[in-house]
Amino acid sequence: LQSGSFTASNVLTSGPLAAGASVNVTGGPTVFTVEFSPANPNAEGEATVAVDTTGMTDALGNPVTSAGPQATFRFDNTAPQVVASIDSHTTRSITISFSEAMGAGVLNQLNYTVTGLTPGSVTANPDLIEIVDGDTVRLVWTSGMLVYGDMAMITVSGTEDQAGNA
């Protein structure tokens, strides 16, 4: 591209980037970097960034006639929520479903503590964690037994969703 023909004004944004986002274009003439951030650092939702080639010219001054690239991605600043239930087919596991796909820390047994159980039923931390799917794990004890009717509290700490929210 001709120097100066690709600027921040050629970058179209929607979603959390639409109102007041900062956009910076660097590089050239063949590879450019577009950096942007929402005006609200706690923005949530799907955003689209597209390049409008209107006014862009190649090194010889010819207008760029092809459509520019477009990308869609999601801003996620919300910590995952937890829903837990005791498996009906076993007395040694608890399934925990999160409100979204999980990332770091989800497989660390020490990040799950169960309290309020009948003394001696199972240890406070599970022996292993099984992944059921992207947003669900199963806490498994290899000895002891969860007692039907116990009102347990499960504390989850040190886990993050895929966007790094804890």
Side-chain angles (χ1 to χ4, degrees), residues 1-87 93-114 124-140 153-166:
L1 292 177
Q2 195 169 55
S3 177
S5 72
F6 181 28
T7 66
S9 65
N10 295 101
V11 179
L12 307 176
T13 59
S14 69
L17 294 175
S22 66
V23 178
N24 186 35
V25 177
T26 57
T30 58
V31 177
F32 292 87
T33 300
V34 178
E35 296 175 316
F36 50 90
S37 59
N40 175 0
N42 296 316
E44 292 279 339
E46 188 171 276
T48 301
V49 176
V51 175
D52 177 8
T53 59
T54 303
M56 288 186 187
T57 55
D58 66 16
L60 298 175
N62 301 309
V64 174
T65 57
S66 61
Q70 178 174 318
T72 300
F73 54 94
R74 181 161 205 70
F75 282 96
D76 178 4
N77 290 300
T78 301
Q81 301 298 309
V82 176
V83 179
S85 64
I86 295 178
D87 286 342
S93 67
I94 297 175
T95 300
I96 296 182
S97 296
F98 295 93
S99 60
E100 57 187 300
M102 296 300 290
V106 76
L107 292 177
N108 184 338
Q109 298 97 301
L110 299 178
N111 290 340
Y112 304 90
T113 304
V114 180
N125 303 103
D127 296 312
L128 63 103
I129 311 294
E130 298 174 343
I131 293 179
V132 176
D133 60 36
D135 62 0
T136 304
V137 295
R138 184 172 294 121
L139 313 182
V140 179
M153 163 101 54
I154 302 170
T155 302
V156 180
S157 62
T159 60
E160 297 178 352
D161 65 16
Q162 292 182 345
N165 301 308

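As the structure is a computational prediction, the values presented were derived from the model and not from experiment.
- Leu139 has its side chain within reach of Ile129: a pair of non-hydrogen atoms, C-beta onward, lies under 4.5 Å apart.
- Atom CD of residue Gln81 and atom OG of residue Ser97 lie 13.0 Å apart, to the nearest 0.5 angstrom.
- Nearest approach of Ala47 to Pro16, heavy atoms of both residues: CB-CD, 3.8 Å.
- Counting heavy atoms from C-beta on, the side chains of Ser93 and Val140 come closer than 4.5 Å.
- Here the closest non-hydrogen pair linking Thr7 and Val25 is C-CG2, 3.8 Å.
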Should Phe73 and Val49 be marked as a side chain to side chain contact (heavy atoms under 4.5 Å, CB included) after you check the CA-CA gap, both sets of side-chain angles, and the distance that decides it? CA-CA 9 Å; Phe73 54 94; Val49 176; 3.8 Å; yes
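- Defined by atom type and a distance below 3.5 Å, a donor-acceptor pair is missing between the side-chain atoms of Thr113 and Thr155.
- Not a single donor-acceptor pair under 3.5 Å links the side chain of Tyr112 to the backbone N or O of Ala124.
- For the pair Val34 and Val23, the tightest heavy-atom approach, listed with the atom from each and the gap, is CG1-CG1, 4.1 Å.
- When all heavy atoms of Val156 and Ile96 are compared, the closest pair comes out as CG2-CD1, 4.2 Å.
- With 3.5 Å as the limit, one finds a donor-acceptor pair spanning the side chains of Asn165 and Asp76.
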* Please lay out, stage by stage, how Thr78 and Glu44 fare under the test side chain to side chain donor-acceptor pair (under 3.5 Å). => CA-CA 8 Å; Thr78 301; Glu44 292 279 339; 2.8 Å; yes
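- When every heavy atom of Gly20 is checked against every heavy atom of Ala39, the shortest pair comes out as O-CB, 3.3 Å.
- For Thr48 and Gln70, the side-chain atoms include no donor-acceptor pair closer than 3.5 Å.
- Within the model, atoms OG1 of Thr95 and CZ of Arg138 stand 4.5 Å from one another, a figure rounded to the nearest 0.5 Å.
- Judged by distance alone, the side chain of Asp161 and the main-chain N or O of Met102 form no donor-acceptor pair under 3.5 Å.
- In this structure a side-chain-to-backbone donor-acceptor pair under 3.5 Å is missing from Thr136 to Asp133.
- At least one donor-acceptor pair closer than 3.5 Å links the side chain of Gln109 to the backbone N or O of Asp127.
- At distances below 3.5 Å, not a single donor-acceptor pair connects side-chain atoms of Glu100 with backbone N or O atoms of Asp135.
- Proximity of the aromatic rings of Phe36 and Phe75 is defined here by a centroid distance below 6.0 angstrom, and this criterion is not met.
- You'll find the side chain of Ile94 reaches within 4.5 Å of the side chain of Ile154, heavy atoms only.
- One distance of note links CG of Leu1 with CG of Asp58; it measures 7.5 Å at 0.5 Å rounding.
- Judged purely by atom type and a 3.5 angstrom limit, Asn10 uses its side chain to pair as donor or acceptor with the backbone of Thr54.
- Of the possible polar contacts, none joining the Ser99 side chain to the Pro80 backbone as a donor-acceptor pair under 3.5 Å is found.
- Two residues are said to be in side-chain contact when any heavy atoms from C-beta on lie closer than 4.5 Å; Thr53 and Phe6 fail this criterion.
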